[in-house]
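First up is the structure itself, then whatever we jot down about it.
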Amino acid sequence: MTDIKEIGRRAKSASKEVSNASTDVKDGALRAIAKALIENTDHILSENEKDIAGAREKGINQAMLDRLTLTEKRITDISDGVIKLTMMQDPAGIIESEMTHPNGLRIYKTRVPMGVIAMIFEARPNVTVDAAALCLKSGNACILRGGSEAIHSNIALANTMRAALQSAGLPPDAIILVEDTSRETATGLMQLRGYVDLLIPRGGAGLIQSVMKNATVPVIETGVGNCHIYVDASANLAMAVNILDNAKTTRPSVCNAVETVLVHRDIAQSFLPLAKKALDAHHVELRGCPETLRILREAIPATEEDYYTEFNDYILAVRIVGSIDEAITHIAKYSTFHSEAIVTESYENSQRFIKEVDAAAVYVNASTRFTDGSEFGFGAEIGISTQKLHARGPMGLQELTTWKYVVMGEGQVR
């Protein structure tokens, strides 16, 4: 059985060296990782094929299979993402503010690494590299525990990165993959006090709830995205169709995809057939309220549970509402506080939506698919926080650091 405490000790030891590494050394290691990923593409793809075959045997749906699949282009994109991090400012050591006390003390607020960051995640092997690279750049060691469905891919990626770290002069234990995917190792990682400084779960609602219930280490809640688009009475219908189509169909398995569209009654008769025509091209299943069913007779009746569900699939819940108030009330009840959007030509309604909707990201006349660390200019992201403490929204390099106050004196006492 895996000794999770021994893994914690190894990561904690490596974190001390990584936290003191210069930006040049860390960037050199990142470049070595990016190069190694390209050089090992054939091996990584071969291991990924094993995971895909296993997933197909288990009947995993196409959207989730897409999350799992690596291609030569995706590996190139992952490698390019690692290189982009070398161009980002190193947050460790940044002095955010300074002040001088009346007695002459100089007080500096500086950014420092967290230490050891653990991640528990599902079915997305690209997360293995994104998380490791972000942790490295910000001066942290990481412990990664992916799901069994991606284990062959994750082992290949982790071994590639560990070898690259060693070649660059950093301890390979700055990146450790927990290869045992049993529930016991996940629980052990959640409770690794004294070794893990921050735990970030990334996956479906079941995983997030399990971590929040069982963890005894600090946790940032991420990932679950029951996102809404409200199409207001004043909306430009062509724009609304385009935004909805993009938010649902470009990659339905990700957390920033839309799951429910709310449509104002005044334009429902015109908008819904247009939306259906666009969504039909991707075979999107529509689940609607009774009023929706009178307009779209091919739609399936929506249940209460549908409005709570992050489908991660080509399924969209639909509800017709009578006002922006009703739309905001619906979102408040069913939202996971990830990303919410309004399509409107009304400035007043756009401002109400911005002020009254509680979410990490709120959009006016744009797709929810932009809630992403790369799109927000953070390079890669380790996850999207849906909570309010420490970090909210896409988590990039700065969110993987904390504060240290450095106080310089000349013998002052209180």
Side-chain angles (χ1 to χ4, degrees), residues 11 14-15 17-41 44 70 73-94 96 111-119 121 124-144 146 154 157-177 197-198 200 202 220 222 370-385 391 393-402:
S15 73
E17 189 170 340
V18 175
S19 67
N20 291 317
S22 68
T23 300
D24 286 345
V25 168
K26 291 186 290 186
D27 285 346
L30 289 169
R31 283 190 285 270
I33 287 172
K35 181 181 178 183
L37 290 170
I38 298 300
E39 291 175 345
N40 288 277
T41 293
I44 294 168
L70 292 173
K73 181 182 184 305
R74 285 187 179 180
I75 292 175
T76 299
D77 289 343
I78 292 168
S79 175
D80 289 345
V82 175
I83 290 295
K84 285 179 183 177
L85 285 178
T86 68
M87 305 172 192
M88 306 290 289
Q89 184 179 25
D90 185 349
I94 290 176
E96 289 286 342
R111 285 195 175 272
V112 294
M114 289 284 185
V116 176
I117 295 176
M119 275 203 75
F121 56 100
R124 293 183 67 178
N126 65 295
V127 173
T128 304
V129 179
D130 289 348
L134 281 162
C135 287
L136 176 61
K137 176 74 177 195
S138 55
N140 298 285
C142 65
I143 303 173
L144 306 172
N154 288 338
L157 291 167
N159 287 343
T160 297
M161 292 189 290
R162 284 170 58 84
L165 280 181
Q166 194 159 29
S167 72
L170 286 176
D173 281 345
I175 301 171
I176 300 178
L177 176 73
D197 297 286
L198 178 66
I200 303 172
R202 185 166 171 178
I220 291 183
T222 72
F370 285 101
T371 306
D372 175 86
S374 178
E375 295 291 342
F376 280 22
F378 303 157
E381 73 179 38
I382 203 165
I384 296 173
S385 171
M395 296 175 60
L397 293 170
Q398 287 199 356
E399 287 73 28
L400 300 184
T401 60
T402 186

Quick one: salt bridge (Lys or Arg N to Asp or Glu O under 4.0 Å) partners of Glu96, sequence neighbours excluded? Arg111

In terms of heavy-atom contacts, Gly139 and Pro113 come closest through O-CB, 3.3 Å

Hey, does the side chain of Glu399 reach the backbone of Gly396 with a donor-acceptor pair shorter than 3.5 angstrom? yes

Can you tell me how far the CZ atom of Arg31 sits from the NZ atom of Lys35, to the nearest 0.5 Å? 12.0 Å

Run the salt bridge (Lys or Arg N to Asp or Glu O under 4.0 Å) test against Arg202 and tell me which residues pass, sequence neighbours left out. Glu381

With no hydrogens and no angle check, is any side-chain donor or acceptor of Ser385 less than 3.5 Å from a backbone partner on Ala391? yes

Less than 4.5 Å apart, any side-chain heavy atom of Ile94 and any of Gln89? yes

Pairs in or reaching into residues 127-144: which pass salt bridge (charged side-chain N to carboxylate O under 4.0 Å, His left out), with residues at least two apart or in two chains? Asp27-Lys137

Rounding to 0.5 Å, atoms CD1 (Ile384) and CG (Asp372) come to a distance of 6.5 Å

Check the pair Met395 / Ile220 against side chain to side chain contact (heavy atoms under 4.5 Å, CB included), numbers first and verdict last. CA-CA 10 Å; Met395 296 175 60; Ile220 291 183; 3.5 Å; yes

For a quick test of reading the model, state the closest non-hydrogen atom pair linking Ile33 to Met161 and the distance between them. CG2-CG, 3.7 Å

Any heavy-atom pair between the side chains of Leu136 and Leu400 that's under 4.5 Å? no

Measure across Ala168 and Ala29 and return the closest heavy-atom pair with its distance rounded to 0.1 Å. CB-CA, 3.6 Å

Give a yes or no on whether the backbone of Ala34 and the side-chain of Ser79 come within a donor-acceptor separation of less than 3.5 Å. yes

Could you check whether any side-chain heavy atom of Leu144 comes within less than 4.5 Å of a side-chain heavy atom of Phe121, counting everything from C-beta outward? yes

More than 12 non-hydrogen atoms from neighbouring residues, nucleotides or ligands closer than 6.0 Å to CZ on Phe370, yes or no? no

Please report the shortest heavy-atom distance between Phe376 and Pro394, naming the atom on each side. CD2-CG, 3.6 Å

OG1-CG distance between Thr402 and Leu198, expressed to the nearest 0.5 angstrom: 9.5 Å

Ala158: what forms a side chain to side chain contact (heavy atoms under 4.5 Å, CB included) with it, not counting sequence neighbours? Leu177

Evaluate salt bridge (Lys or Arg N to Asp or Glu O under 4.0 Å) for Lys84 paired with Asp80, printing each intermediate quantity in order. CA-CA 6 Å; Lys84 285 179 183 177; Asp80 289 345; over 6 Å; no

How far does OG of Ser138 sit from CD1 of Ile117, to the nearest 0.5 angstrom? 5.5 Å

Donor-acceptor pair, distance only, cut-off 3.5 Å: does the side chain of Asn140 make one with the backbone of Val116? no

Residue pair Ile382 / Cys135, side-chain heavy-atom distance below 4.5 Å: yes

Could you measure the distance from the NZ atom of Lys26 to the OG atom of Ser19? Nearest 0.5 Å is fine. 8.5 Å

Side-chain heavy-atom pair Leu397, Met88 within 4.5 angstrom cut-off: yes

Step by step, would you call Ile78 with Leu70 a side chain to side chain contact (heavy atoms under 4.5 Å, CB included)? CA-CA 10 Å; Ile78 292 168; Leu70 292 173; 4.0 Å; yes

Leu30 versus Ile83: any side-chain heavy-atom pair under 4.5 Å? no

Between Thr401 and Val112, does the side chain to side chain contact (heavy atoms under 4.5 Å, CB included) criterion hold? Intermediate values first, please. CA-CA 5 Å; Thr401 60; Val112 294; over 6 Å; no

With sequence neighbours excluded, tell me which residues meet side-chain hydrogen bond (donor to acceptor under 3.5 Å, both in side chains) with Asn40. none

Tell me every residue that passes salt bridge (Lys or Arg N to Asp or Glu O under 4.0 Å) with Arg162, counting only those two or more places apart in sequence or in another chain. Asp173

Flag the pair Pro171 / Leu165 as yes when at least one side-chain heavy-atom distance between them is below 4.5 Å, and no otherwise. no

Check: Thr41 side chain, Leu37 main-chain N or O, donor-acceptor pair, under 3.5 Å: yes

Going from CD1 on Ile75 to NZ on Lys73, what distance comes out if it is rounded to the nearest 0.5 angstrom? 12.0 Å

